[in-house]
Number of protein chains: 2
Amino acid sequence: MTVSRTMSGGRNVRPEVQVRVRAAADQLGYRPNQSARNTRLRRPTGLIGVAVTNLGNPYYGQFALGIEDVAAQNGRHILIGNTREDPSRERELLDDFAGRQVEGLIIVPAGNGLSVLGEGQVTSSMPLVLATRAVQGVRSDTVLVDDVGGAVAGTTALIDDGHSRVAFLGDISGIPTARRRFEGFNSALDARGLGFDESLLYSVRDADSALQAVAGSLGGHNPPTAFFSTNNRTTVGALRAVWNHRRNHPGLEVPAIASFDDVELADLLDVPLTVMSHDPRALGAQAARMLFERLAGDAPSEPRTISMPVTVQRY
Amino acid sequence: MTVSRTMSGGRNVRPEVQVRVRAAADQLGYRPNQSARNTRLRRPTGLIGVAVTNLGNPYYGQFALGIEDVAAQNGRHILIGNTREDPSRERELLDDFAGRQVEGLIIVPAGNGLSVLGEGQVTSSMPLVLATRAVQGVRSDTVLVDDVGGAVAGTTALIDDGHSRVAFLGDISGIPTARRRFEGFNSALDARGLGFDESLLYSVRDADSALQAVAGSLGGHNPPTAFFSTNNRTTVGALRAVWNHRRNHPGLEVPAIASFDDVELADLLDVPLTVMSHDPRALGAQAARMLFERLAGDAPSEPRTISMPVTVQRY
DNA sequence: AGGGCACACGATCACGTTACCAAGCGGGGC
DNA sequence: GCCCCGCTTGGTAACGTGATCGTGTGCCCT
């Protein structure tokens with residue numbers, strides 16, 4: 001008990017004894033065992049479980065950074081996992097997180113609406129914040145991006161530039177975010193009395209496939225004059241394809257791109273670019289703040305949904 | 001005990017009983033408590049502690065992804081922390097990791113050579129792999145990047161292009177990696193009988209300060225004709241500055257950049273660019289493999305150091 | 001019938017920690 | 001001198017789990 005007291009502040013332990021205890025601890029390499037501590041105390045573990053769909057995407061790096069910042073301020077650590085958009089991997093992670101007694105979860109649900117969160121097993125047992133995507137049937141705090149509004153604004157900007165034939169790059173069957181952006185895209189076309197040519201819908205998910213799709217599209221007959229790209233990965237591919245096209249066909253009008261998500265250096269490329277951007281780090285921080293508010297009991301019992309603003313910039 | 005047996009495979013439990021146990025578990029939302037399990041078993045926790053210096057840098061996102069991949073293959077999870085190059089934050093993280101009984105550590109030591117790893121407290125108690133930077137006095141598995149060789153090759157390429165006045169962008173006092181790259185840079189100059197003008201050493205650490213430095217340098221008298229940039233952050237700043245410079249001074253020779261680390265889309269910018277690149281994801285995966293080899297007892301007792309190759313590309 | 005054996009299941013304890021309680025000691029007020 | 005109080009210190013139990021062992025049951029072989 002004297003050791004325990006010493007290690008946790010030393011209240012009611014003679015200073016001289018504390019010195020001896022600490023010296024012995026140093027010499028033996030003793031460190032309090034958090035696992036044991038947690039079993040005894042049923043005290044929070046100080047861990048937050050975070051699951052993202054693609055850790056390698058700089059977007060989620062910034063997102064994780066935002067969470068880490070806020071977590072550190074609150075004396076918590078983050079346990080991070082990568083779902084690769086795979087629901088079964090998501091389930092593994094959630095089970096593991098639950099077993100490790102994390103205090104709360106911040107999850108970017110895996111694609112397809114097949115997220116296992118819908119089953120509500122984990123959900124009910126601990127605070128959860130969903131990020132960037134909602135899941136049907138799950139009532140929890142959620143931080144979304146204004147996908148529809150952003151897509152409307154970006155698409156409208158394209159139309160105002162005279163584009164009436166716009167292709168869409170994104171996996172609307174697999175990724176809910178892409179679906180909502182498609183919604184905004186479509187309603188902006190509608191609002192201006194333009195239809196969408198279904199043959200210009202390219203279901204791509206990464207930079208390479210987007211590059212192929214755009215190159216093919218520009219090489220076909222009656223090519224679009226602009227591309228709507230749903231995320232930073234597809235934008236990189238589209239930019240490369242358009243850049244190649246410009247090089248190979250000097251003098252021709254350069255196709256425009258509207259990109260959801262910013263891409264570093266894209267503003268220097270001299271490709272007509274409309275960026276619908278938001279700050280993933282702020283999004284992560286917001287999600288973390290909501291989680292900690294709930295943990296502290298400062299949140300209303302009703303789940304809250306916050307939508308992060310999307311700004312449109314032209315390059 | 002019947003519950004315990006059921007939850008861990010169900011050996012020697014009647015199927016009918018197993019069904020009842022699982023039903024009850026589902027209904028109660030019961031999940032085995034990992035903390036308790038760990039105390040009882042002194043069994044590994046399945047956790048790997050990872051500390052990086054800047055989670056927001058896409059470089060470390062890829063690095064973490066490489067670790068996560070290998071960790072998942074080995075049934076482990078990663079606990080990730082951001083040191084922000086701050087040794088005291090590094091200490092906090094390491095103490096916390098140790099207390100949580102992580103099985104091993106993969107650490108990018110915080111800058112300044114002040115990494116607390118030098119004190120050897122944590123080091124001795126569990127397997128450790130250092131990544132990208134070594135720490136004086138610490139004998140452990142290490143995965144480095146061929147900083148010196150890469151810098152020599154990149155610098156030599158610049159010289160072969162006719163550049164003799166090259167500025168250096170990087171924080172050589174704060175970041176060991178920058179120091180080694182500076183070493184290679186210098187020895188390449190030496191080898192060709194060129195000296196380095198100390199006034200062209202810019203101690204910058206992020207994109208903004210690099211942009212300022214390059215802009216100032218190009219605006220001064222007797223400006224350099226090329227810049228050696230130590231990492232992807234400083235390269236982004238340098239590219240922007242050079243790009244602005246080209247726009248404002250059309251017709252003038254465009255300054256060249258040699259960049260350690262690749263930057264997405266930089267190849268499209270029409271700025272003479274030499275990239276000394278390596279794959280951070282492979283680096284992370286390598287570090288993780290070394291750690292798991294050691295955990296499995298398959299590693300020689302002598303610490304190993306692996307150097308990841310650096311390739312030079314021209315754009 | 002008796003012995004042996006495989007299987008099913010629960011009682012007990014230990015893992016490292018801390019809450020709680022009890023005991024010892026010294027000082028101050030009466 | 002006595003009592004009470006506060007500080008210090010250690011004994012004990014309990015957190016949720018699983019290893020070990022003992023007990024009970026049913027089956028097969030002789």
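Reminder, nothing fancy here: chain letters follow the sequence lines and each chain counts from 1.
Heavy-atom minimum distance, A/Thr53 versus A/Pro109: CG2-O, 3.8 Å.
A salt bridge between A/Asp206 and A/Arg233 is absent, with no side-chain N of the basic residue lying under 4.0 Å from a carboxylate O of the acidic one. Checked for salt-bridge contact, B/Asp96 and B/Arg100 meet the test: a charged N lies under 4.0 Å from a carboxylate O.
As rounded to whole Å, 11 Å separates atom C1' of C/dC15 from atom CD of B/Gln101. When rounded to the nearest whole Å, the span between CD of B/Glu16 and C1' of C/dC9 equals 13 Å. Following rounding to the nearest Å, A/Leu28 (CG) and C/dG16 (P) show an atom-to-atom distance of 14 Å. Here the P atom of nucleotide C/dT17 and the CZ atom of B/Arg100 are 14 Å apart, to the nearest Å. For the pair B/Asn33 CG and C/dT17 C1', the interatomic distance rounds to 13 Å; values are reported in whole Å. Put simply, CG on B/Asn38 is 15 Å from C1' on C/dA14, counting in whole angstrom units. Rounded to whole Å, atom P of D/dT17 lies 13 Å from atom CZ of B/Arg31.
Bending across the helix from C/dA1-D/dT30 to C/dC30-D/dG1, expressed as the angle between its end axes from five pairs apiece, amounts to 50° (10° rounding).
Between the side chain of A/Gln18 and the backbone N or O of A/Thr6 there is no donor-acceptor pair closer than 3.5 Å. Proximity of a side-chain donor or acceptor of A/Asn33 to a complementary backbone N or O of A/Ser35 within less than 3.5 Å is detected.
Under the side chain to side chain donor-acceptor pair (under 3.5 Å) criterion, A/Thr177 pairs with A/Arg133, sequence neighbours left out.
Using a 3.5 Å distance cut-off with no hydrogens or angles, the side chains of A/Asn232 and A/Asn57 do pair a donor with an acceptor.
Along DNA chain C, the nucleotide nearest to B/Asn12 and the one nearest to A/Gln34 differ in position, and the one closer to the 5' end is contacted by B/Asn12. Each of B/Ala36 and B/Val13 was matched to the nucleotide of DNA chain C holding its nearest heavy atom; the match closer to the 5' end belongs to B/Val13.
With contacts defined as side-chain heavy-atom distances shorter than 4.5 Å, the pair A/Arg5/A/Arg11 does not qualify.
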(request) Decide side-chain contact (heavy atoms from CB on, under 4.5 Å) for A/Tyr60 and A/Asn82; before the verdict, give the C-alpha distance in whole Å, the side-chain angles of both, and the deciding distance to 0.1 Å. (result) CA-CA 10 Å; A/Tyr60 289 112; A/Asn82 199 32; over 6 Å; no
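Residue A/Ser35 places no side-chain atom within donor-acceptor reach of the base of C/dG16, judged by atom type and a 3.5 Å distance cut-off alone.
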(request) Take nucleotides 18-23 of chain D nucleotide by nucleotide from the 5' end and write B, S or -, depending on whether a protein heavy atom sits under 4.0 Å from the base, only from the sugar-phosphate, or from neither. (result) BBB---
